[in-house]
Structures are given as C-alpha cells and as structure tokens.
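Every chain is numbered from 1, with letters handed out A, B, ... down the list of sequences. Just so you know, these numbers come straight off a predicted model, no measurement behind them. Quick note: numbers below take in every heavy atom, side chains included, and nothing from hydrogens, waters or symmetry partners.
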Amino acid sequence: MSGQTATLSGVRAERERTVVTQPVRARKRLGPGRPIRFGAAIGPALLLVIWSIGSAVGWLDPRVLSAPWTVVTTAGDLIADGRLQSNLLTSTQRAVVGLGLGVLLGTVLALLSGLSRIGEAILDGPIQIKRAIPSLALLPLLILWLGIGESMKITTITLGVFVPIYIHTHNGLRTIDSRYVELAQTVGLSRSEFIRRVVLPGALPGFLLGLRFAVTGAWLSLVVVEQINSTSGIGYMMELARTYGQTDIIIVGLVLYGILGLLSDGIVRLVQRRALSWRRTLAD
Amino acid sequence: MPKKSLVALAGALAAATLLAGCGGDANAGAGGPKLALDAALPTEVPDGVKIVVGDPTTEKALKLSGQLGKVDKFVQFANLSGGPQTTEAFRAKALDVGSVAEIPPIHATWTGLQVKIVASKFRQDALNHPIYELGIAPGVQVKTLPDLKGKKVAFSPGQAQGALVLKVLKKAGLTKEDVKLVELPSTGDVYSSALSAKQVDVAPIGGVQIKRYLSKYGKDGAATIRHGIRDDAGHLYVATESLEDAGKAAAIRAYVAAWGVAQDWTDKHPKEWIDGYYVKDQGLTAADGQWLVDNAGHPDISGDWSAAIERQQETIELLAQETGNDVIQAKDLYDLRFQSVAPDAIKAAGAGAAK
C-alpha cells in the first residue's frame with residue numbers, strides 16, 4: 001500500500017513539469033508597413049535640394065538651368081506683372097474643359113466596349129490605333145479639319161485624355177473576378193443589379209488609375225496646342241520666352257507644369273482613397 | 001435599351017466635337033463673287049466678309065495706334081507668322097494673309113501652293129540694319145566670311161535663314177562642299193542653343209537673340225559678325241484663291257492700307273511702341289525693346305516694287321541652283337495691283353495728321 005502511494009505522487013510530478021509554456025514570438029511583417037507621414041513630399045524636396053546645391057556650388061550652369069531662387073524671383077515678377085496668373089487661368093480652363101470631355105468620352109466608350117462583346121469588337125481596335133498615333137503627328141490634320149481656334153485645342157486635349165481613361169476602365173470591367181460573378185448568379189441578381197453592385201464598383205480602381213494618367217495627359221497636350229495660334233496660356237508664355245531667349249521664364253513654365261502635374265495627381269489619389277475605402281490592399 | 005442610348009450619346013458627342021469647327025476658320029465668310037487676278041481691286045468691303053490674318057505684331061501696332069477699328073469688323077487675327085506656320089495654315093484654308101520674310105513665298109510656290117505678295121517692307125540703310133547676324137560658337141575662329149571654310153553651318157531650306165547662308169557662301173567665294181551644312185530648322189531659340197552647345201559653328205541669329213547670345217556666352221568666346229548682305233525683306237502674302245474672292249480681295253486691300261499706316265506709326269512713336277508692345281505685351285525689358293527698335297532702323301515702304309522684284313529674282317536663281325528646284329519668275333509672285341496701296345495710305349494718314 002505504501003508503494004502504490006509513492007507511484008501516484010511521481011506521476012503527478014511528471015505531469016506538472018511537461019505543462020511549461022514557451023514564450024510567444026512576434027509574427028514577421030510581410031507588408032511595407034504604415035505610410036510615412038508626408039512621404040510623397042520627400043522625393044520632390046530631395047530634387048529641390050540637389051538642384052539648389054548644384055546651382056550654389058556651380059555644377060549647374062545658370063545659362064542652361066536657372067537656379068531655384070531665380071525661378072522664384074522670376075515667378076514673383078511674372079505674378080506682379082499679372083502675366084503668370086492670367087496665362088495659368090487660360091491654360092487651366094482649356095485643360096479642365098478638355099479633361100471633362102475626355103473623361104466623359106473615355107468612360108462612355110469603355111462601358112460600351114467593356115459591357116458588350118460586339119462593342120469591344122468594334123471599338124477596341126480603333127482606339128488602340130488612336131493610342132499609337134501621337135497627338136503631335138495628328139496636329140496638321142486637326143488644323144485641316146477644325147481650323148486653328150479653340151475647338152482644335154480642346155479636341156487635341158480631349159484626344160490625349162480619353163485614351164488612358166478608356167484603357168484602364170475597360171481593363172477594370174474585363175477583369176472582374178469570376179468568383180463574384182458566380183456569387184451574383186448564385187444569389188440570383190438581375191443583370192442591372194449585377195452591373196450596379198459588382199461590375200461598376202469592380203471597375204472603379206481602373207477608372208481612377210486612368211484618371212491619374214488623364215489629368216497629366218491634359219497638361220501635356222496643352223504644351224503642344226498652346227504653341228499654335230495662342231496668345232495666352234503657359235505654353236504660349238514659354239514659346240514666347242524661347243523666341244526672346246528668356247531661359248528663366250522657360251524654367252518657370254516647366255516648374256509650373258511639374259507642380260500642376262503633382263497637384264492634379266494628388267487630387268485624384270485623394271479621391272481614390274475615399275472612393276475605394278472599402279478595399280483592403282497594401283496601399284491602404 | 002441602355003445600350004442604344006449609350007451608342008447614340010457617343011455618336012452625338014463625336015459629331016458635336018467634329019462639327020464644331022469643320023472647314024477651318026478661313027472658310028467663314030467665303031463664297032463671294034469671283035474676281036480675276038488682273039481685275040481692278042474692289043474698294044468696298046461687303047458686310048459679312050471675314051479674312052484671317054497671321055500678323056501678330058501688326059495687330060498690336062493697330063491696337064496701340066488706335067486703328068484697330070478700321071479692320072476689326074472683317075479681320076480675325078491668328079497668332080502665327082513665318083514661313084512654316086503660315087504655309088501650313090494656307091493649305092488648311094485656315095488663313096488668308098501671312099507675314100513673312102523673303103523666302104516663304106518662293107518655297108510655297110515650289111511646293112505647289114499658289115501665293116501672291118500684296119505688301120512689302122524693307123529697311124532704310126539696310127546693310128547697317130540687318131535682320132540677321134552670323135552667330136559664331138564659342139571657341140570657333142571666324143572673323144571674316146572666307147573663314148567659314150570647313151565650319152559647321154546651320155542651314156534651313158525654306159526659310160530666310162537658309163537663303164542667307166547660301167548668299168553668304170556665294171559672297172565668300174565658297175560652295176556648299178566647302179562647309180558642313182547642318183540641316184536644322186530655325187524656330188524659337190534653336191540656333192542660339194545649337195551655337196552655345198557647339199552643335200554648329202556658325203548660324204544666322206536675329207532679333208534679341210543676338211543681344212542675348214552675346215551677353216550670355218560672350219565671355220566664353222561667342223561672337224557675331226556682319227554678313228554685308230541685304231536680308232531686310234518683310235512681306236504680307238496671301239493664298240491666291242483668297243484674291244479670287246472679290247469680298248476677300250477688298251478686305252485684304254483694306255488690311256494692307258492699315259498695315260502700312262501701322263508700320264509708319266511704330267516708326268514715328270518708338271517710345272509708345274517699346275512700352276506698349278515690347279514691354280507690356282511681349283514681356284521684354286525697355287532696354288531690350290530699345291535695342292530692337294535701334295536694330296530695325298526705319299522702314300522703307302515703296303510704291304515701286306521693281307528693285308525688290310529684281311533682288312528676289314536673284315534669290316530665286318541662287319536657291320534654284322542650290323536646291324535643284326525650277327527657276328520661277330519673281331514678278332509672278334507679286335500682285336502689282338497692291339503696289340501703291342500701303343504708301344498711298346501712309347501719305348493720306350500723314351496728310352490727315354497735318355490738319
């Protein structure tokens with residue numbers, strides 16, 4: 001009897017020793033982590049620093065590339081003169097009208113092409129052809145067809161804008177995951193419900209990406225058209241400065257385009273973040 | 001149903017965009033009675049006639065001299081000038097009158113476009129008030145024209161700068177084989193940039209580019225030399241078919257008259273011209289404006305084009321020989337009905353001012 005009692009105690013002791021718990025280790029992080037505050041400004045700021053140092057030290061010849069402070073004082077003179085803001089207003093008006101028309105046209109064409117096989121068969125090829133024809137090469141024909149006034153300018157911008165909208169929106173429509181299609185079929189959605197609840201939301205990321213290309217495309221097209229029969233606009237101001245050898249004004253124009261491009265892209269990304277708040281991606 | 005309405009919307013959008021400007025601006029107001037090229041010029045501009053004029057500098061002069069009211073009912077200004085732009089616009093039927101130097105009417109004719117010169121302006125004491133000087137790249141030794149031998153020279157066929165290069169070579173006793181011609185169109189600051197980057201050794205540069213080039217690169221050895229050749233021709237030319245429309249011909253005549261008075265006004269009012277045009281409109285300094293006014297000297301607008309036609313014939317023959325084009329007759333490029341329109345208008349305006 002005393003032997004049996006000793007055995008039971010031993011078993012209990014063994015069991016207690018094997019229950020020791022290992023310390024918990026943290027999981028490895030695979031994503032890029034939390035966004036850096038004002039991260040988007042770091043790159044441009046670095047460029048500005050390099051440009052400033054390069055100009056100050058003498059690496060950059062001011063005859064070839066004006067110093068940042070020269071750009072600021074020249075811009076100040078142009079603002080005091082009224083020339084910068086009046087040219088900017090004119091350019092912005094052209095860009096906005098062209099952008100609006102281009103987005104509308106691109107979206108309509110993308111829907112026609114993306115929601116229908118016959119639409120795609122008819123439209124996609126010609127649009128890819130247009131995409132391959134540079135606007136600059138098209139200008140002589142546009143002048144022949146539309147003259148040299150504002151309608152030619154707006155049309156050129158519109159043509160530069162609608163292509164990226166079309167491509168990215170069409171791609172968005174065509175790359176809806178089949179799982180969602182099957183789910184929609186399973187729960188018995190009507191076609192219009194399917195389009196409204198599955199297809200259009202699914203294409204929205206593509207549309208917004210296209211919009212980022214489109215806003216920049218609008219500014220790019222402006223440079224070209226404002227060199228033809230313009231008496232206003234940033235492109236006109238730069239072309240006039242070329243005629244008179246005013247390098248500093250040319251650089252002001254370039255910097256202005258860069259800023260406008262960054263701001264436009266930033267606005268679209270802001271819209272993108274809000275419109276796509278339902279997504280959970282590495283970007284978010 | 002949604003599909004059809006979307007198709008209709010896209011179609012309507014495309015149609016609206018294209019129809020908005022179909023036919024080009026110069027066609028507006030066309031369709032007047034036919035006028036033979038040797039018929040007397042009509043003097044009354046009918047209502048509804050519109051001509052598109054590419055003469056931005058004169059537009060400003062008309063405004064500053066208070067004369068815009070004489071022409072604004074029938075003239076629409078386009079901000080383009082010079083050979084390449086105006087020729088392209090003529091072909092597009094987007095322009096009726098262009099402002100150019102000597103070569104574009106010749107070159108246009110060689111490329112199958114029918115044009116006529118309707119007004120001409122030269123410079124008094126032209127050899128001392130050239131439009132162009134030969135820019136010399138930093139480090140390149142060119143002091144006289146014969147020094148061009150072996151050098152890289154910018155060349156632009158179809159432009160006044162190209163013709164000037166050929167004339168300079170001839171004067172220097174050189175041929176195209178004695179230099180390296182670098183074909184390069186002269187627009188904006190292309191020639192100044194090519195010189196400063198040493199892409200060419202010699203290039204004709206004009207206007208304030210001369211001043212700017214020397215002030216920026218003079219310390220590196222950049223220079224300019226005079227060429228001693230007349231390069232001062234400035235013309236208004238038109239697509240011939242515009243002259244075959246009686247209404248447009250009358251409008252062009254009225255424009256030429258106003259143009260003449262405007263040239264005279266800018267000559268007699270340099271301060272207003274510098275302040276109102278070069279400083280306020282073009283964004284230059286007053287010093288730049290003064291330099292440009294001094295450089296231009298005084299205009300010579302003659303009622304007798306015979307000497308000008310002779311000079312242009314020489315140019316045509318030189319160009320034809322060097323470029324392989326047919327020799328054409330300079331007199332065929334001029335519409336002599338317009339010969340005295342500008343001088344008479346200047347005289348009349350002067351008489352009016354004297355009262």
Colleague: What is the distance from atom CZ of B/R212 to atom OH of A/Y244, rounded to the nearest 0.5 Å?
Modeller: 10.0 Å

Colleague: Around atom CZ of A/R197, are there more than 12 heavy atoms from other residues, nucleotides or ligands closer than 6.0 Å?
Modeller: no

Colleague: Check each atom of A/R83 against the heavy atoms of chain B and say whether the ones under 4.5 Å are side chain, backbone, both or neither.
Modeller: side chain

Colleague: B/Y217 versus chain A, heavy atoms under 4.5 Å apart: side chain, backbone, both or neither?
Modeller: both

Colleague: What part of A/I250 lies closer than 4.5 angstrom to a heavy atom of chain B: side chain, backbone, both or neither?
Modeller: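 Contact with chain B: side chain only.
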
Colleague: Select one option (side chain, backbone, both, neither) describing which atoms of A/T247 are under 4.5 Å from chain B's heavy atoms.
Modeller: both

Colleague: Working to the nearest 0.5 angstrom, can you tell me the gap between A/D61 CG and B/D220 CG?
Modeller: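 Output value for this atom pair is 7.5 Å.
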
Colleague: Taking CD in A/E120 as the centre, count heavy atoms belonging to other residues, nucleotides or ligands within less than 6.0 Å. Is the count above 12?
Modeller: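 For A/E120, atom CD is crowded (more than 12 foreign heavy atoms under 6.0 Å).
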
Colleague: More than 12 foreign heavy atoms under 6.0 Å from OH of A/Y180: is that the case here?
Modeller: no

Colleague: Do A/Q246 and B/L284 have side chains that get closer than 4.5 Å, going by heavy atoms?
Modeller: yes

Colleague: Which distance, rounded to the nearest 0.5 Å, do you find between the CG of B/N79 and the CD of A/E226?
Modeller: 11.5 Å

Colleague: Can you tell me how far apart OG (B/S193) and CZ (A/R242) are? Round to the nearest 0.5 Å.
Modeller: 7.0 Å

Colleague: To the nearest 0.5 Å, what is the distance between CG on B/D281 and CG on A/L240?
Modeller: 7.5 Å

Colleague: Report the option among B/R91, B/K280, B/Q282 that has the most heavy-atom pairs separated by less than 4.5 Å from atoms of chain A.
Modeller: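 Of the candidates given, the most pairs with chain A belong to B/Q282.
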
Colleague: Heavy-atom count around B/K211 NZ within 6.0 Å, excluding the residue itself: above 12?
Modeller: yes

Colleague: I'd like to know whether NZ of B/K73 has more than 12 heavy-atom contacts from other residues, nucleotides or ligands below 6.0 angstrom.
Modeller: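 Result for NZ/B/K73: open.
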
Colleague: For the candidates B/G207, B/G283, B/P56, which exhibits the highest count of non-hydrogen atom pairs separated by less than 4.5 Å from chain A?
Modeller: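 Of the options given, most contacts go to B/G283.
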
Colleague: So what's closer than 4.5 Å to chain B heavy atoms on A/Q227: side chain, backbone, both or neither?
Modeller: backbone

